[in-house]
Visitor: 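Supplied in structure tokens, the structure appears directly below.
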Protein chains: 2
Amino acid sequence: MEKIKVLIADDHQIMLDGLRAILNKDKSIQVVGKASNGLEALEFLKKEVVDVILLDLQMPVMDGLETTMHIKKSFPEVKIIMLTTNDEGSIITSLFKAGATGYLLKNASKEYLIKGIKDAHEGKKVISSHLTEKMIESLTQDPKKGNDGTKPIITKREIEVIKLIAQEYTTQEIADQLFVSTNTVATHKRNLFVKMDVKNSVGMVKKAVDWGLI
Amino acid sequence: MEKIKVLIADDHQIMLDGLRAILNKDKSIQVVGKASNGLEALEFLKKEVVDVILLDLQMPVMDGLETTMHIKKSFPEVKIIMLTTNDEGSIITSLFKAGATGYLLKNASKEYLIKGIKDAHEGKKVISSHLTEKMIESLTQDPKKGNDGTKPIITKREIEVIKLIAQEYTTQEIADQLFVSTNTVATHKRNLFVKMDVKNSVGMVKKAVDWGLI
DNA sequence: GAAGACATCACACAATTGTGTGATACTGAT
DNA sequence: ATCAGTATCACACAATTGTGTGATGTCTTC
């Protein structure tokens, strides 16, 4: 029988080593490569055939969501399982829309993970049981609230603003650094509050961290 | 030769499985148990002999710092290696003061981890090379700034306040929920800003998350 | 029983944030 | 060529946050 070729992408070396050690024990799975961010994963796909990719949601350089979109564009046949510590319900829908096949929490068991890889390889959708509930919750939310459970598109400029806010800069200081007026920064913040469905900067920064934006 | 008895404590099942798989490959190391939080780790120590404990810093129920203090009190001979994704320099000093033997980032390699366990068992201090720099930095900081690199003591009441701020409540709303005046809440915030060496609520919440406080 | 940490509150004021409303200009996609 | 999205800015005003200063009662701990 042909083994399932798996690529692992995670920015933590120990996680990479650990996952490889777990998966290599299963006869039907073969770990063919490792990557420490989304960009490396894409590079690897250009050179070698992969069936399933395990992708960490929180990664520097290119995060899980962005990587998923790129992979699905260039390699639509590859199955993607997102691995995360984050149980933010609101991002799940975005991931599946982007083309992810599965979404597993890192506190899943190794058996569940292996089963997930096999299921994904057969084309089945995979999701942590803890998350099913959250997902349904986010789908059945009041649509008037503007939160349809989808992670909104945050522009590059907006990310710049969020990062500076997270570094405790005031609106004035941010305006100076970006060479724009305070009104502009205030407008960016205002737009972000609506997009991200938060009430203030604290909530915004917290959610941005949860989403792996900064 | 007697094997080094290792206990692993991490709230992520996959991390536990992965670490066990990595460590079991080394002939001189034996994983004798697993725990998914600090409390479980302590319970385990009461029943079995352990040489080295790998402790995740971020855990629910009882975090790494608190667990370290408890372990050192009851089982001073056990070596503790802290594992973390967090490279906040300011917490390292606290950990060593509490009695930790090592502090490794999760993006260390498996070789480094195994060497770390062996070194710790021999009584050597272990630290990620990435962190040495940060630690020295935090030690040589201007003491006038009130930041001596030690994580300050945050009281229960203050934690309550931080949690509510992180949930986007205003000072008024927090005061109502805690049945105190807004002045009191303002004072708590003011004290926290100084203790945690931050400029505003955004910085405070971010650092609280980094420190595993909330 | 004095010292120190904790939690509570007051009052005033400056600084900053957040909101409402409207406008201009550029860009890329249909 | 039009439209949607992005980025920019203005002005005004309300709300909230942050700061300076000082005070009181309680509870450990030494």
Side-chain angles (χ1 to χ4, degrees), chain A residues 66 69 73 94 97 144-146 148 150-208 213-214, chain B residues 66 69 73 94 97 144-148 150-208 213:
Chain A
E66 206 183 337
M69 294 188 289
K73 208 171 185 178
S94 304
K97 275 191 186 160
K144 276 198 294 293
K145 289 192 71 179
D148 61 355
T150 308
K151 181 177 160 184
I153 293 149
I154 314 287
T155 69
K156 280 183 186 151
R157 196 56 158 175
E158 286 168 343
I159 298 269
E160 288 185 83
V161 173
I162 298 178
K163 280 186 179 165
L164 291 168
I165 293 172
Q167 284 164 56
E168 309 185 297
Y169 289 111
T170 65
T171 302
Q172 180 63 63
E173 290 166 338
I174 295 169
D176 291 345
Q177 284 195 50
L178 299 179
F179 302 107
V180 296
S181 87
T182 56
N183 296 305
T184 303
V185 177
T187 304
H188 283 313
K189 287 175 79 169
R190 179 199 320 246
N191 291 336
L192 282 165
F193 290 165
V194 176
K195 274 189 188 179
M196 298 175 73
D197 188 35
V198 294
K199 290 200 186 76
N200 55 37
S201 294
V202 168
M204 183 175 72
V205 168
K206 207 161 149 273
K207 196 167 271 196
L213 250 42
I214 54 174
Chain B
E66 207 183 336
M69 294 189 289
K73 210 170 182 179
S94 303
K97 275 190 188 163
K144 277 197 295 293
K145 289 191 73 183
N147 182 352
D148 61 355
T150 307
K151 182 176 161 188
I153 294 149
I154 315 287
T155 68
K156 283 186 182 145
R157 197 57 157 175
E158 285 168 344
I159 298 268
E160 287 186 82
V161 172
I162 298 178
K163 280 186 178 163
L164 291 168
I165 293 171
Q167 284 164 57
E168 307 185 301
Y169 290 110
T170 66
T171 301
Q172 180 64 62
E173 291 167 337
I174 295 169
D176 290 346
Q177 284 196 50
L178 299 181
F179 302 107
V180 296
S181 87
T182 55
N183 296 306
T184 303
V185 177
T187 303
H188 284 313
K189 288 175 77 168
R190 179 200 319 245
N191 291 335
L192 282 165
F193 290 165
V194 177
K195 274 188 187 179
M196 299 175 73
D197 189 34
V198 294
K199 291 200 184 76
N200 56 37
S201 294
V202 168
M204 184 175 71
V205 168
K206 206 158 150 276
K207 196 166 270 194
L213 251 41

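Below, chains carry the letters A, B, ... as their sequence lines are ordered, and counting in each starts from 1. Owing to the predicted nature of the structure, the values given are computational and were not obtained by experimental measurement.
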Visitor: Expressed as a whole number of angstroms, how long is the span from E158(B):CD to dA7(C):C1'?
Guide: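 The distance from CD of E158(B) to C1' of dA7(C) comes to 9 Å, rounded to the nearest Å.
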Visitor: Between P on dT6(D) and NE2 on H188(A), what's the gap in Å once rounded to a whole number?
Guide: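 From H188(A) NE2 to dT6(D) P: 11 Å.
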Visitor: Reading nucleotides 13-30 of chain D 5' to 3', which nucleotides get B (base under 4.0 Å from a protein heavy atom), which S (sugar-phosphate only), which -?
Guide: ----SSBBB---------
Visitor: Considering just the side-chain nitrogens and oxygens of T182(B), establish if one lies under 4.0 Å of OP1 or OP2 belonging to dC9(C).
Guide: no
Visitor: Rounded to whole Å, how long is the line connecting atom CZ of R157(A) with atom P of dT8(D)?
Guide: 4 Å
Visitor: Find out whether T155(B) and K195(B) are in side-chain contact, i.e. whether some heavy atom of one side chain is under 4.5 Å from a heavy atom of the other.
Guide: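 Yes, at least one pair of side-chain atoms sits under 4.5 Å.
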Visitor: Round to a whole Å and report the spacing from CG of N183(A) to C1' of dA23(C).
Guide: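 In whole Å, dA23(C) C1' and N183(A) CG are 12 Å from each other.
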Visitor: Atom NZ of K156(A) and atom P of dC26(C): how far apart are they, to the nearest Å?
Guide: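 Roughly 21 Å, once rounded to whole Å.
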Visitor: Expressed as a whole number of angstroms, how long is the span from I154(A):CD1 to dA7(D):P?
Guide: 11 Å
Visitor: Could you state the atom-to-atom distance from CD1 of I153(A) to P of dT6(D) in whole Å?
Guide: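 Computing the I153(A):CD1 to dT6(D):P distance gives 7 Å.
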Visitor: Describe the nucleic acid contact of T184(B) in one word from base, sugar-phosphate, nothing, applying a heavy-atom distance below 4.0 Å.
Guide: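 The answer is base, as T184(B) lies within the cut-off (heavy atoms under 4.0 Å) of a base atom.
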Visitor: Assess whether a salt bridge exists between E160(A) and R157(A), defined as any Lys/Arg side-chain N lying under 4.0 Å from an Asp/Glu carboxylate O.
Guide: yes
